[in-house]
There are 2 protein chains.
Amino acid sequence: MELKQYAKTVAKNARQASIELATATGDQKLNWLKRCAAELVARADEIVAANAKDLTAAEEKGLSSAMIDRLRLTPERLQNLADAVVEIGQLPDPVGEIFESCKRPNGLLVTKVRVPLGVVFFIYESRPNVTVDAAALCVKSGNAVILRGGSEAFHSNTVLYSVLKDCLKAEGLPENAVQLVETTDRAAVGEFLAKGDLIDVTIPRGGKSLIERVAREATMPVIKHFDGICHVYIDASADQAMATDITVNSKCQRPGVCNAAETLLIHKDAAARFWPALAAELQSKGVELRCCSESAKGIKDAKAATDEDYGTEYLELILSVKIVDSIEEAAGHIRQFGSGHTESIVTNSLQAAEYFQNQVDSSAVIVNASTRFNDGGEFGLGAEIGISTDRFHARGPCGLREIMSYKYVVHGTGQIRN
Amino acid sequence: MELKQYAKTVAKNARQASIELATATGDQKLNWLKRCAAELVARADEIVAANAKDLTAAEEKGLSSAMIDRLRLTPERLQNLADAVVEIGQLPDPVGEIFESCKRPNGLLVTKVRVPLGVVFFIYESRPNVTVDAAALCVKSGNAVILRGGSEAFHSNTVLYSVLKDCLKAEGLPENAVQLVETTDRAAVGEFLAKGDLIDVTIPRGGKSLIERVAREATMPVIKHFDGICHVYIDASADQAMATDITVNSKCQRPGVCNAAETLLIHKDAAARFWPALAAELQSKGVELRCCSESAKGIKDAKAATDEDYGTEYLELILSVKIVDSIEEAAGHIRQFGSGHTESIVTNSLQAAEYFQNQVDSSAVIVNASTRFNDGGEFGLGAEIGISTDRFHARGPCGLREIMSYKYVVHGTGQIRN
């Protein structure tokens with residue numbers, strides 16, 4: 001009951017702040033972000049000290065060294081974070097932007113104007129810098145945000161939050177524009193998910209079980225971010241060097257992220273030309289190959305791929321491989337096993353490129369470039385709060401516009417309807 | 001269990017049809033719509049005969065004459081419906097439209113391409129012509145649709161559906177692109193609402209209790225259409241003739257629809273100039289006035305307005321009235337009592353117009369024109385499947401684009417990520 005009341009109070013405060021924030025000027029928001037950037041650097045000692053508590057707890061809990069590294073804040077990382085915040089501040093103010101208009105025959109000027117969604121509930125399990133990034137994106141887009149970070153970053157998030165809040169106060173913006181859920185009790189999440197009357201959207205970023213729980217319990221819309229089972233398809237006509245670069249980059253450049261490739265589909269003609277060489281190149285980068293019977297032939301150390309492999313997001317240096325007879329078979333495989341995240345084709349055939357981009361239904365379909373480009377920064381959105389695997393409202397990378405709505409503003413000169 | 005199986009089969013068929021439909025050409029869809037239009041006219045006798053069964057049942061059930069008239073199909077109404085269908089056909093094909101693009105510094109061309117949502121479940125209680133309109137909009141936008149009409153129009157809908165389906169077959173389009181739920185069992189709706197894995201969006205159009213049920217039970221996103229408690233605000237500087245025309249039109253031109261005005265707010269300076277004359281004009285049109293204590297003064301037959309009145313969507317010739325001291329008070333009243341649907345301001349002050357359009361958060365904010373213009377046709381969307389009171393995905397009138405998603409299509413020349 002106490003938790004219920006807490007969630008209600010926080011959500012109500014966010015709703016009120018969102019009303020005030022919706023009409024804040026671009027300058028106010030920019031000044032806030034500049035001040036946050038300066039304070040992140042000025043208060044680096046305090047932040048690093050709080051972060052040390054999280055790091056100690058993480059070591060005691062026996063988290064992996066990779067996870068501990070993700071958690072770590074250093075003066076250098078805080079400077080990078082400060083730079084990112086200023087970059088978000090310098091993006092054009094999206095609130096009030098007219099992005100479509102039409103003049104009607106009766107003289108009415110009909111415009112579509114971008115407005116904030118209102119209140120965003122953001123749940124994340126990631127690095128503490130996400131706390132600052134998410135707050136920056138939400139406030140810049142005129143949304144109040146309720147932040148629910150992972151328990152492993154609790155001390156770091158708490159001090160970062162105090163920086164954000166102090167700066168809101170100093171710039172005369174509503175203090176409750178950014179709120180942090182100040183308990184690690186998992187039941188608190190459920191209480192916020194029940195507040196569909198006060199919260200406009202929930203964005204969960206984390207493991208599959210978290211996202212499934214949120215989708216099940218939420219009484220408001222959710223922007224989900226599920227698996228990335230991403231494919232590279234090498235077409236018959238593909239250039240060997242380009243195909244090799246793109247496959248290696250898609251798999252190896254950062255294997256633990258959602259837009260890394262998990263499966264390679266290769267046309268039999270291309271396979272005949274250079275699959276053994278490509279396999280050797282992948283293996284030299286430490287990639288374990290799980291192959292169909294055709295692609296396993298003559299490849300040393302190739303393991304056999306099962307259907308389960310083709311449906312797995314490895315997030316490590318493992319690649320499923322299948323040789324296909326046609327581009328139609330490749331598209332069919334992607335429809336059956338893919339997650340609609342990111343697929344790349346490597347080809348020199350215009351017809352093949354057009355077939356692939358029309359038939360493959362994923363948030364990003366990429367011709368002759370790495371799957372790793374499906375990213376808000378790389379697509380020119382400035383920054384992202386996540387990558388949506390939903391089709392509704394927002395798909396793919398979510399920057400400022402994707403956490404916004406619109407209204408029609410219509411200008412007349414006394415028109416009435418007949 | 002039988003109903004569960006039925007819903008699953010229909011939804012699966014729709015999903016399969018949506019995959020085929022997503023790559024249909026604009027010509028195929030136009031030819032289908034032209035053929036539908038011709039068949040609606042050619043098969044008018046058959047349609048009118050089926051409609052007669054619904055009309056007889058409606059009379060036996062004692063439906064109001066207004067409702068019976070809405071249900072009625074005549075050769076003339078079928079001709080109008082045929083014309084509307086051709087008009088939808090002639091809109092540009094929205095599937096594959098590139099609506100944003102950006103060239104990145106590394107040479108990648110990032111484009112946002114409009115794609116169908118997939119499968120639409122459309123629940124409606126309205127006139128049988130909605131069956132045809134909705135199917136036309138969904139197929140034109142590349143979506144398969146499952147239609148659930150009202151039981152009172154069951155025979156009419158069934159024959160209209162056979163026209164739509166015969167024409168799909170004749171044009172070589174997937175027959176299951178349009179399916180009608182062939183039972184009036186209310187439990188069927190629940191079975192479809194449980195099919196979140198096969199249906200991409202549910203659009204309910206009807207009474208509040210229907211929409212609330214759908215929002216509660218749906219396992220997929222819903223585009224809701226709730227109350228229209230619409231306001232006309234007459235600012236201090238408003239022109240008397242324009243204010244009178246807009247108020248009368250907003251209230252009286254079609255009082256039973258969601259974008260008709262329910263409340264008049266009038267600045268005390270404007271009230272002092274012409275409220276008694278405006279009140280007399282409204283009363284001469286048969287409007288019952290429910291007034292605040294200030295606006296009741298000197299108005300014959302004025303009833304007292306309660307807070308409940310200000311929160312009521314009358315949908316008939318009744319108008320709540322309140323005199324306000326300032327535009328801020330008007331905006332505050334709208335925030336407290338409005339439903340975020342449509343609000344108009346009548347003013348000659350640029351400052352007042354800007355304040356109103358910035359502060360009032362409704363799907364349409366209209367300066368110097370009637371609230372009745374918040375409509376897909378009037379806004380140039382071609383036609384509409386409903387008016388959304390949601391902020392998520394689609395807000396205001398929903399035409400073709402509002403029942404669509406997008407994907408990123410990216411063209412490179414071998415780029416990899418560093």
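Reminder, nothing fancy here: chain letters follow the sequence lines and each chain counts from 1.
In this structure, chain A has a heavy atom under 4.5 Å from the side chain of B/Gln253, while its backbone stays farther away. At a 4.5 Å heavy-atom cutoff, the contact between A/Arg104 and chain B is made by side-chain atoms alone. For B/Val360, the part sitting under 4.5 Å from any heavy atom of chain A is the backbone (N, CA, C, O) and nothing else. In this structure, chain A has a heavy atom under 4.5 Å from the side chain of B/Asn106, while its backbone stays farther away. In this structure, chain A has heavy atoms under 4.5 Å from both the backbone and the side chain of B/Val409. Heavy atoms closer than 4.5 Å to chain A are found nowhere in B/Ile345, neither backbone nor side chain. No part of A/Arg254 comes within reach of chain B, as not one of its non-hydrogen atoms sits under 4.5 angstrom from that chain. Contacts of B/Pro105 with chain A are absent, with no heavy-atom separation under 4.5 Å from either backbone or side chain. Only the side chain of B/Leu381 comes within less than 4.5 Å of a heavy atom in chain A; its backbone stays farther off. If you measure heavy-atom distances from A/Ala243 to chain B, you find no contacts under 4.5 Å at all. With a 4.5 Å cut-off on non-hydrogen atoms, B/Arg335 touches chain A through its side chain but not through its backbone. Looking at B/Val110, only its side chain comes within 4.5 Å of chain A, counting heavy atoms on both sides. For chain A, the nearby part of B/Ser362 is the backbone; its heavy atoms alone come within less than 4.5 Å. Neither the backbone nor the side chain of B/Asn348 comes within contact range of chain A; no heavy atoms are under 4.5 Å apart. In this structure, no portion of B/Ala353 lies under 4.5 Å from any heavy atom of chain A. Interface remark: B/Glu343 contributes no atoms to any contact with chain A (heavy atom separation under 4.5 Å).
One distance of note links CG of A/Leu108 with CD1 of B/Ile366; it measures 7.5 Å at 0.5 Å rounding. Here the CG atom belonging to A/Asp390 is positioned 13.0 Å from the CE atom belonging to B/Met220, to the nearest 0.5 angstrom. Going from atom CD of B/Gln359 over to atom CD1 of A/Ile19 covers 10.0 Å, rounded to the nearest 0.5 Å.
Relative ring orientation between B/Phe392 and A/His393 is described as parallel, the plane-to-plane angle staying below 30° on a 0-90° scale split at 30° and 60°. In this pair, A/Phe379 and B/Tyr408 present their aromatic rings tilted. The plane angle is within the 30 to 60° band.
Counting heavy atoms from C-beta on, the side chains of B/Gln357 and A/Val113 never come closer than 4.5 Å.
Using a 4.5 Å heavy-atom cut-off against chain B, the contacting residues of residues 367-376 of chain A are A/Val367, A/Asn368, A/Ala369, A/Ser370, A/Arg372, A/Phe373, A/Asp375. Residues of residues 411-418 of chain A placed with any heavy atom under 4.5 Å of a heavy atom in chain B are listed by number as A/His411, A/Gly412, A/Thr413, A/Gly414, A/Gln415, A/Ile416, A/Arg417, A/Asn418.
When the side-chain hydrogen bond (donor to acceptor under 3.5 Å, both in side chains) test is applied to A/His341, no partner is found at least two apart in sequence or on another chain. Remark: A/Glu20 engages A/Gln16, A/Pro174 in a side-chain contact (heavy atoms from CB on, under 4.5 Å) (not counting sequence neighbours).
By the neighbour-count criterion of 12 heavy atoms within 6.0 Å, atom NZ of B/Lys112 is densely surrounded, having more than that number from other residues, nucleotides or ligands.
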